Amino acid sequence: MASPKTTTPAAAKALSLHIGLNAVSGAAYSGWTGPLAACEFDANDMAAIAKSQGMKSTVLLTRQGTRAKALAAMRNAAKSLRAGDLFFLTYSGHGGQVPDSNGDEADKQDETWCLYDGQLIDDELYFELSQFAAGVRILVLSDSCHSGSVTRAGPTGPRERAMPTAVAMRVYRDHQAFYDKLQKDVAKAAGTATVDPDTALAQVAASSRLTAIVKKFKPAVLLISGCQDNQTSMDGDHNGAFTEQVLKVWNQGGFVGNYGQFHTRVKANMPRTQSPNLFTLGTAGKFLAQTPFSV
C-alpha cells in the first residue's frame with residue numbers, strides 16, 4: 001500500500017522597496033529642493049542587504065521617488081504577498097509635517113515622508129500597510145526626521161533630514177487643498193480616523209481608541225525609525241547616521257541575534273541626540289524573535 005504523499009510548505013516570498021531622495025522637486029515644495037548627500041547610498045545599501053537575503057527589490061532614487069511610484073510598489077506588494085511572506089520597506093530622505101485636518105493627531109500635525117513630487121502623509125502609510133494580508137511580515141526602516149521642533153542647520157553645520165518648519169508651512173499653504181483631500185480620502189477609505197504608525201505604537205497600551213484601530217491591523221509590522229519624534233536624523237557623506245549603524249551592526253550578515261537585540265545594538269552606538277525607536281504593530285511577537293532581514 002502506497003504511503004500518503006506529504007506536502008512541503010511553500011518557501012516564503014520576499015519583496016522589498018527602497019526609497020532614497022537626495023533632493024525633491026522645487027515645483028512641489030514652493031521652491032525648496034532640500035539637498036542631501038547620502039540618501040541614495042542608503043537606499044542602495046539597504047537593497048544590497050535585501051538582495052543578499054533573496055528578496056526581489058525595487059529601488060527608487062530621487063527623481064524616481066515619486067508618490068505614484070512609491071504607492072504603486074507598496075500596493076503591488078500587498079497584492080502579491082501572503083501569510084508568512086515578507087515586505088521590507090526603507091525610506092531615506094527628509095521628514096516633514098502638514099497640519100492635521102482630520103483630528104487624529106494630538107499635536108495637530110501629520111508627519112510625512114518628503115517624496116520627490118509631494119509628501120506621503122503618515123495616514124496614507126498606515127492605511128497602505130493595513131492592506132497587507134494577515135500574517136505578512138512587514139519591516140520598515142525610516143532614516144528621516146519627523147519632528148516639529150527642528151531648527152535649520154547652518155551652512156557649515158551637519159545636514160538634518162527635516163524639512164524646515166517655515167518651508168513646511170509654505171508648502172502646505174501653497175498645496176492645502178491637495179493635502180487636506182489626501183487625509184479625508186484615507187479616512188473615508190479606512191472607514192475610521194487613521195493614525196500614524198509611530199503614534200499608534202507608542203500609545204497603544206494607553207488608548208482604547210488606538211487599541212481598537214490596531215486590532216484591525218492584519219499584518220505583523222516592525223518599525224525602526226532613525227530617531228525619536230522630538231529629535232532629528234542626521235545626514236552624512238556616505239550614509240545617514242542611523243543607516244550607517246544599521247550596516248555596521250549587521251556586519252555583512254555577521255550579526256547574531258533577533259530584532260530586539262539588533263535594535264539595542266544600533267541604539268547603543270548612536271549619540272544621545274538621535275535615539276532610534278522600535279515599534280511593533282499587529283501580532284509581531286514571533287517576528288521580533290527572528291534574525292533581522294531573514295526571509
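Just so it is clear, the values below take in all heavy atoms, side chains as well, and ignore hydrogens, waters and symmetry mates. This structure is a prediction, so every number in the text was calculated from the model and none was measured.
Counting heavy atoms from C-beta on, the side chains of Tyr29 and Gln119 come closer than 4.5 Å. In this structure, the side chains of Phe242 and Ser92 stay at 4.5 Å or more apart for every pair of heavy atoms. A heavy-atom distance below 4.5 Å is not found between the side chains of Trp32 and Val171. Considering only heavy atoms from C-beta on, Tyr172 stays 4.5 Å or farther from Ser30 through its side chain. Annotation: side chain of Arg75 is in contact with side chain of Glu128 (closest heavy-atom distance under 4.5 Å). Side chains of Arg67 and Leu120 form a contact here, defined as non-hydrogen atoms less than 4.5 Å apart. In this structure, the side chains of Val221 and Phe287 stay at 4.5 Å or more apart for every pair of heavy atoms. Counting heavy atoms from C-beta on, the side chains of Ile224 and Val246 never come closer than 4.5 Å.
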* Given Ile138 and Leu81, is the side chain to side chain contact (heavy atoms under 4.5 Å, CB included) satisfied, shown in steps? -> CA-CA 10 Å; Ile138 302 175; Leu81 300 178; over 6 Å; no

* To do: Starting from the C-alpha separation in whole Å, work towards a yes-or-no answer on side chain to side chain contact (heavy atoms under 4.5 Å, CB included) for Asn44 and His18.
  => CA-CA 7 Å; Asn44 283 325; His18 310 282; over 6 Å; no

* To do: Show your reasoning for whether side chain to side chain contact (heavy atoms under 4.5 Å, CB included) applies to Thr291 and Phe262.
  => CA-CA 9 Å; Thr291 301; Phe262 185 75; over 6 Å; no

* **side chain to side chain contact (heavy atoms under 4.5 Å, CB included) assessment of Met46 paired with Leu247** => CA-CA 8 Å; Met46 291 296 100; Leu247 293 168; 3.6 Å; yes

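Between Gly95 and Cys114, the shortest heavy-atom contact is C-SG, 3.9 Å.
Note that the OG1 atom of Thr112 and the CG atom of Asp123 stand 11.0 Å from one another [nearest 0.5 Å]. Atom-to-atom distance recorded for His94:NE2 and Leu36:CG is 3.5 Å, nearest 0.5 angstrom.
Between Tyr259 and Phe293, the angle of the ring planes goes over 60°, which puts this pair in the perpendicular group of the 30/60° scheme.
Val59 and Met55 fall into different hydrophobic clusters, where Ile, Leu, Val, Met, Phe, Trp and Tyr residues are linked whenever their side-chain heavy atoms come under 4.5 Å apart, directly or through other members.
Each of Thr90, Asn22, Asn239 was scored for a side-chain hydrogen bond (donor to acceptor under 3.5 Å, both in side chains) with Asp42, with one residue passing: Asn239.
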